[in-house]
**Q** 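Take a look at this one; I'll ask things after.
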Amino acid sequence: MPEFDTSHVKNIVLLGHAGSGKTTLAECMLFEAGIITRRGSIAERNTTGDYHELEQERGNSIFSKLLHTKWRGYKINIIDTPGYDDFTGEVISALRVADTGVMLLNAVMGVEVGTDIIWEYTEKFKTPMIFAVNKLDDDNADFDKTVREAKAHFGNNIVVVQYPRQTGAGFHEIIDVLRMTMYKFNDNGGKPDKLPIPDEEKEKADTLHKELIEAIASNDESLMEKYFEKGELDEDEMKEGMKKAMINHDLFPLFCLSAERNMGSGRLMGFIDNVCPSANEMPPQKTKSGNSITCDAGGPACIFIYKTSSEPHVGELSFFKVYSGTVKLGMELENESTGVTEKINQLFLVEGNKRTSTHELVAGDIGATLKLKNTHVNNTLHAKGNRIELPAIEFPSHNMTVAIESLKKGEEEKLSQALHQLREEDATLMVEVSPELKQTLIHCQGDMHLAVAKWKIEHQHKLEVKFVKPRIAYRETIRKASDANYRHKKQSGGAGQFGEVFLRIEPWYEGMPEPSDLNVRGRDHYDLDWGGKLVFYNCIVGGAIDARFLPSILKGVMEKMQNGPLTGSYARDIRVCVYDGKMHPVDSNDISFKIAGLQAFRQAFQQADPQLLEPVNHVEVLCPDDITGAVMGDLQSRRAIVEGIDSDGHFQKIIAKVPLAEMEGYSSSLRSITQGRAKFKMQFHAYEAVPFDLQRKLIDDYAKQAKEEYA
Ligand SMILES: Nc1nc2c(ncn2[C@@H]2O[C@H](COP(=O)(O)OP(=O)(O)O)[C@@H](O)[C@H]2O)c(=O)[nH]1
Ligand SMILES: [Mg+2]
């Protein structure tokens, strides 16, 4: 028999802006449940959650951590998450497997941008949510303002279940309007005394109690009827109603905390046990093919891998949730995604960096196993004979790119293996070997994300590397038509070479008219791998050049398109019409026409008002309104075109188009001008013309570099 059945397992994820107190709260929960005997602290760098060397060095969470407590007959799996948006991937994967989110709000700061981005995902997953206002012991805490901001941001579905009698140093009492009782803590927190609500708080507590009941009843007709009849709901009816409304994302209860002083965490855990849904009370999980699977310990075994990580002295661990059935030691499961059969030789319950072996995990539970042979994040494994695949976690696209180089010659191969490993552990990091830029690129979420990658490369893989500026993938095109001809002739002993080509090039666009003065005999359209088109017309009359030489001319043109005349970048969106030329009965051959085609194209290109294009990104910055000016000023210094500003509560969302070349270092620069109070995301938008002066400079730089390379 498993120690806990499915209905007694609760999976929660701690969410919130960096510094809101998630890791400290997790520590309280473990302490309250007797899993640890002494509460660690962030200051002493000894929490169960932030155990990684790098986290202790930096004093904040970087990776999501699985912890668990056993509390009054329930097992609560807790996933502590990092708050910085560089690590949003860790949050998303945790949200995917959690059944309730606890969103911490810092009572000193109010609603911060970190919560906003996470909120988008909780809405997408429809994760039942609890809000917890933390740091109420701080002298600058403002409970009412925090609640006001939370309602402005996340809607009126937030209902107050608890409020502090007093904030700051005097924070000792929490008034609970669900239980209609007051919790009074001594200085060390822990287990409070339950007292009647004092007279002077009665009116306020009654009003909030009524609001709470009405919020619950308004989501359920039968409760509404009861409420009309009796003028009241009992505690069980309220709990049932809340659970239902939470599952439908219609109600978000709000609690009070001081994680630092361990006040309020016990009651929060009690609420999680009694009200928050277990996995089997949630709507059934949909599979990729649109079927649903039931969260039933007796069903066919099915697990989903949400994370892998390499742990010191252990090796790689795969973290998973059991979506159906019971996973037992020694079981063989089929990986639906990779097709391999994996044997489960280890099963762990996890508490940060500690693991306890277990022999089985039931549907709804979360655990880990030693990394399986060919199993990765987002894979589904199931009992033989079933075909189940759960939808993959969609990770955010990258916000920053750098090039990486090995500092030691001969370590390139090792570096490439290390990068592969990094990628395996972190789905938000991408590695790209770019033949175009002749660089190995790391696409990541921001500078802190990159710092973590560097740390892993240096400490775990023992390699020395440096990051350099990524080259920009410019494109070249033309703005007017131009004609050119080129004669290639060579007579130096042996066989000669001869080919002459006349051609016209024009800027290509969709629906452009056919040439009026040329007789078009053949048309080829090429969609270029690097974007845009090459359209190649055969307009030769009177057999001036044999048709068999046309492919050679095209080859020459294509070669130059791949190594554009301005800066060696790819060229695009050009129509080439070959309309005349000359052959020699003996000396003409493929190579001659290829050279003639290439050179004629190059000449025509130079005369056709050539234009460099650069990648331009769509950028959105979210920040509190008092720093909008600073953010705008910085964007404008980056050649940004600001397209709009939307208000979102007390935040502003600035929408702009910014050349990629100007986004260098934006992640750290934004953090420093806003003290970490802003967030941004970006996405490729389009190729657009480089301003004239800059184009001049880029062409000169390229010419200089080419000269040096030849010298
Ligand atoms: N005054 C006060 N400080 C707190 C409280 N909870 C956490 N902190 C402090 O706030 C900082 C950030 O806490 P941490 O748990 O790392 O936040 P996380 O980034 O959300 O995990 C640490 O210095 C904590 O000691 C609280 O309830 N009151
Ligand atoms: Mg933390």
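Numbering of ligands and ligand atoms starts at 1, following listing order. Just so it is clear, the values below take in all heavy atoms, side chains as well, and ignore hydrogens, waters and symmetry mates.
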**Q** When only distance counts, is K135 in polar contact with ligand 1, meaning an N/O pair under 3.5 Å?
**A** yes
**Q** Can a donor-acceptor pair be found between the side chains of D365 and N77 at a distance below 3.5 Å?
**A**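 Per modelled atom types, D365 and N77 side chains form a pair under 3.5 Å.
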**Q** At what distance is the nearest protein heavy atom to atom 5 (C) of ligand 1, and which residue and atom is it?
**A**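 Ranked first by proximity to atom 5 (C) of ligand 1 is E260 CB, 3.4 Å.
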**Q** May I ask whether S41 places a heavy atom under 4.0 Å from ligand 1?
**A**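 Flag not set, S41 not near ligand 1.
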**Q** Number the atoms of ligand 1 from 1 as they appear, then name those within less than 4.0 Å of a heavy atom of A18, with their elements.
**A**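 Under 4.0 Å from A18, ligand 1 has these atoms: 19 (O).
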**Q** Please examine the side chains of P192 and K184, heavy atoms only from C-beta on, and report whether any two atoms are closer than 4.5 Å.
**A** no
**Q** Among side-chain atoms of D426 and H449, is any donor-acceptor pair under 3.5 angstrom?
**A**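 Yes, side-chain donor-acceptor contact under 3.5 Å.
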**Q** May I have the step-by-step check of side chain to side chain contact (heavy atoms under 4.5 Å, CB included) for D86 and D447, ending in yes or no?
**A** CA-CA 8 Å; D86 278 33; D447 59 338; 3.9 Å; yes
**Q** Could you check whether atom CD of E394 has more than 12 heavy atoms from other residues, nucleotides or ligands sitting under 6.0 Å from it?
**A**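 Atom CD in E394 is not crowded, with 12 or fewer foreign heavy atoms closer than 6.0 Å.
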**Q** Under 2.8 Å from the Mg ion (ligand 2), can any N, O or S atom of T24 be found?
**A** no
**Q** Going by an N to O cut-off under 4.0 Å, is there a salt bridge joining D99 and K321?
**A**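 Yes.
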**Q** For the atom pair OH (Y666) and CE (M682), what is the distance rounded to the nearest 0.5 Å?
**A**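 Spacing of OH (Y666) from CE (M682) equals 10.0 Å.
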**Q** Which atoms from ligand 1 have a heavy atom of D137 less than 4.0 Å away?
**A**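 This gives 1 (N), 2 (C), 26 (C), 27 (O), 28 (N) as the contact atoms.
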**Q** Between F252 and H249, what is the ring plane arrangement, given parallel below 30°, perpendicular above 60°, and tilted in between?
**A**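 Correct class here is perpendicular.
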**Q** Can you report which non-hydrogen protein atom sits closest to atom 19 (O) of ligand 1, along with the distance?
**A** G19 N, 2.7 Å
**Q** Using a 4.0 Å cutoff against the non-hydrogen atoms of T24, which atoms of ligand 1 qualify?
**A**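 What qualifies from ligand 1 is 7 (C), 13 (O), 14 (P), 15 (O), 24 (C).
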**Q** Going by the order shown, which atoms of ligand 1 are within less than 4.0 Å of some heavy atom of S258?
**A**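 Once the distances to S258 are compared, the set is 27 (O).
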**Q** Identify, for atom 17 (O) of ligand 1, the protein heavy atom at the shortest distance, and state residue, atom and that distance.
**A** G21 N, 3.0 Å
**Q** Is A43 close enough to touch ligand 1? Criterion: a residue heavy atom under 4.0 Å from a ligand atom.
**A**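 Distance cut 4.0 Å: A43 fails for ligand 1.
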**Q** Within T23, is some N, O or S atom less than 2.8 Å away from the Mg ion (ligand 2)?
**A** yes
**Q** Would you mind finding which of N262, N60, I42 brings a heavy atom closest to atom 16 (O) of ligand 1?
**A** I42
**Q** Using distance alone, with no hydrogens and no angle criterion, decide if Q445 and Y84 have a side-chain donor and acceptor under 3.5 Å apart.
**A** no
**Q** Starting from atom 6 (N) of ligand 1, find the nearest protein heavy-atom neighbour and note its residue, name and distance.
**A** N134 ND2, 3.1 Å
**Q** May I ask you to check if ligand 1 and L136 share an N or O to N or O distance below 3.5 Å?
**A**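 No, there is no polar N/O contact under 3.5 Å.
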